[in-house]
Each structure stands twice: as C-alpha cells, then as structure tokens.
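Working notes, beginning with the structure itself.
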Amino acid sequence: CHIGSQIFDAEPFVLAARVMMDFMAKVRDEVGIDLKELNLGGGFGIKYVREDDPTPLATYIEEVSTALKQKAEELDFPVPFICIEPGRSIVGEAGITLYTVGFVKDIPGARTYVCIDGGMTDNPRYALYGAKYTVMVANRASEQSTMKVTIAGKSCESGDIIQKDVEVPSVQEGDIVAVLATGAYNYSMSSNYNRLTRPAVVMIRDGKPRIIVKRETLDDLIKNDV
C-alpha cells in the first residue's frame with residue numbers, strides 16, 4: 001500500500017497497517033490464501049524548509065510495529081514479513097543542486113528575478129506542483145539577507161521557476177545559488193525540454209568528489225537524430 005507523500009505524522013501509517021492487516025485476514029478467510037509479506041510503502045517526510053518537522057524514522061517503525069503485532073494477535077494472523085520504501089527520507093536531504101547566476105532582473109513594483117543556468121529541466125517540481133525548497137547563495141552564506149527574489153530558469157517558459165519570494169543577500173552575476181534537499185526525484189524527473197542538456201551529478205564522501213553521472217553535451221542531444 002502507499003498512502004501518500006511527505007507525511008510528517010506516524011498515525012496515518014499506523015492506520016494503514018491496521019487496514020492492510022484486516023485485508024490480509026479477509027483474503028485468508030474468503031479465498032484461503034495466507035499472505036506472508038506486507039509492503040507498507042513510503043511517503044516519510046523530510047525537511048525541505050524551516051517549518052517542516054519530520055518524525056524520526058525510528059518512531060514510525062516502532063509505532064507501526066506495535067500496531068501490527070496487536071492486530072495480528074487480534075486477528076489470529078501470523079505477523080507478516082514487512083517491507084517499507086523509505087526512498088526520499090534516505091536520499092532527499094543528501095542532495096544539493098548548485099546553479100550559477102547569469103543575471104539579476106529587477107522589475108520595479110513587481111519582483112526581482114535571479115536568472116540561473118538551469119531550471120525546470122533539472123527540477124520541474126515547483127513548475128508542476130509548487131514544491132517548496134530552501135534556497136541560499138552559497139558563496140554569501142554568512143551574509144545577512146537583504147532582498148526577496150524569484151529564482152528563474154532558462155527554459156523560456158513563464159512557469160520556469162525554481163522558487164518564488166526567497167530571501168537572500170545582495171546577489172549578482174557569478175554567484176552560486178544552492179537549492180537544498182534535492183537528492184530525491186529531481187534527477188529522475190529531469191528532461192531535455194527545449195533541447196537543454198542535463199548537469200553532471202557529483203557524489204562527495206569524506207571531502208572527496210567523484211562524478212557518478214556525466215554532464216550531457218550537445219552531441220548527446222543529437223546522437224539519435226536521423
């Protein structure tokens with residue numbers, strides 16, 4: 001089963017486990033099949049922005065395990081082998097996307113756009129459903145925020161936005177914008193929209209970087225063209 005995504009409370013998972021145990025007992029009683037494995041899916045929330053307050057994974061597991069054992073005893077049903085799919089909660093916060101600022105466009109009375117060398121092609125989540133992220137200017141991380149800006153991409157689309165109304169220090173061409181907690185979904189959802197190339201993916205461990213996905217080139221884009 002899968003009950004949703006970016007869930008911060010343990011109670012919905014507990015309820016789902018009880019519902020699934022009832023269903024497994026119903027299958028046993030009606031068709032005589034003893035299901036021995038239960039996949040409870042994922043959806044565990046992570047911290048994208050300051051107000052997010054995820055529950056530790058151990059808390060989920062403890063509460064769901066207790067509920068499963070109680071339900072198994074109540075139904076006289078063997079406790080099944082349990083699978084979960086923690087996905088985003090493992091890799092989400094491990095990833096950071098870095099962009100270089102190309103230019104800053106101030107529209108008096110409207111908004112200030114910080115235009116970057118990427119966008120919805122490498123992270124379509126804001127364009128699709130308004131996903132929230134923490135954004136900072138990496139090379140000015142210790143400076144006080146002095147302006148509110150919108151981070152815009154280069155796909156030539158009005159919806160090509162990474163994040164609206166984020167507070168940053170005075171930003172200028174050449175600065176490095178960091179978008180935090182992009183380790184989940186971003187790469188798998190990326191595309192070559194408008195024939196743009198995808199960036200490299202670099203893994204860093206103990207301060208040592210290594211490329212795990214090479215940067216795409218223009219030759220990569222046209223290699224299948226006939």
Distance-only donor-acceptor pairs under 3.5 Å for side chains of residues 34-45, two or more places apart:
unit_1: N39; atom_1: OD1; unit_2: G41; atom_2: N; d: 2.8
unit_1: N39; atom_1: ND2; unit_2: E85; atom_2: OE2; d: 2.8

With a cut-off of 3.5 Å and sequence neighbours excluded, list every side-chain donor-acceptor pair involving residues 2-14.
unit_1: H2; atom_1: NE2; unit_2: G4; atom_2: O; d: 2.8
unit_1: S5; atom_1: OG; unit_2: R88; atom_2: NH2; d: 2.2
unit_1: Q6; atom_1: OE1; unit_2: I46; atom_2: N; d: 3.1
unit_1: Q6; atom_1: NE2; unit_2: I46; atom_2: O; d: 2.8

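Residues Y99 and D122 have side chains that bring a donor and an acceptor to within less than 3.5 angstrom of each other. Side-chain contact of E157 with N194: a donor-acceptor pair under 3.5 Å is absent, judged by distance alone.
Remark: the backbone N or O of D52 is paired with a side-chain donor or acceptor of K47 at under 3.5 angstrom.
Other residues, nucleotides and ligands contribute over 12 non-hydrogen atoms within 6.0 Å of the CG atom of D165. Within a 6.0 Å sphere centred on OH of Y129, heavy atoms belonging to other residues, nucleotides or ligands number more than 12. When the shell of 6.0 Å around CD of E62 is examined, it contains 12 or fewer heavy atoms from other residues, nucleotides or ligands.
Side-chain atoms of D220 and T197, non-hydrogen and from C-beta on, never get closer than 4.5 Å to each other. Side-chain atoms of I162 and Y126, non-hydrogen and from C-beta on, never get closer than 4.5 Å to each other.
No single ILVMFWY cluster, assembled from side-chain heavy atoms under 4.5 Å apart, contains both I212 and I204. If you chain together hydrophobic residues whose side chains sit under 4.5 Å apart, I33 and M20 fall into the same group.
Taking the charged nitrogens against the carboxylate oxygens, D160 and K154 have no contact shorter than 4.0 Å, which rules out a salt bridge.
Screening V114, L180, V177 for a side chain to side chain contact (heavy atoms under 4.5 Å, CB included) involving V135 leaves a single residue, V177.
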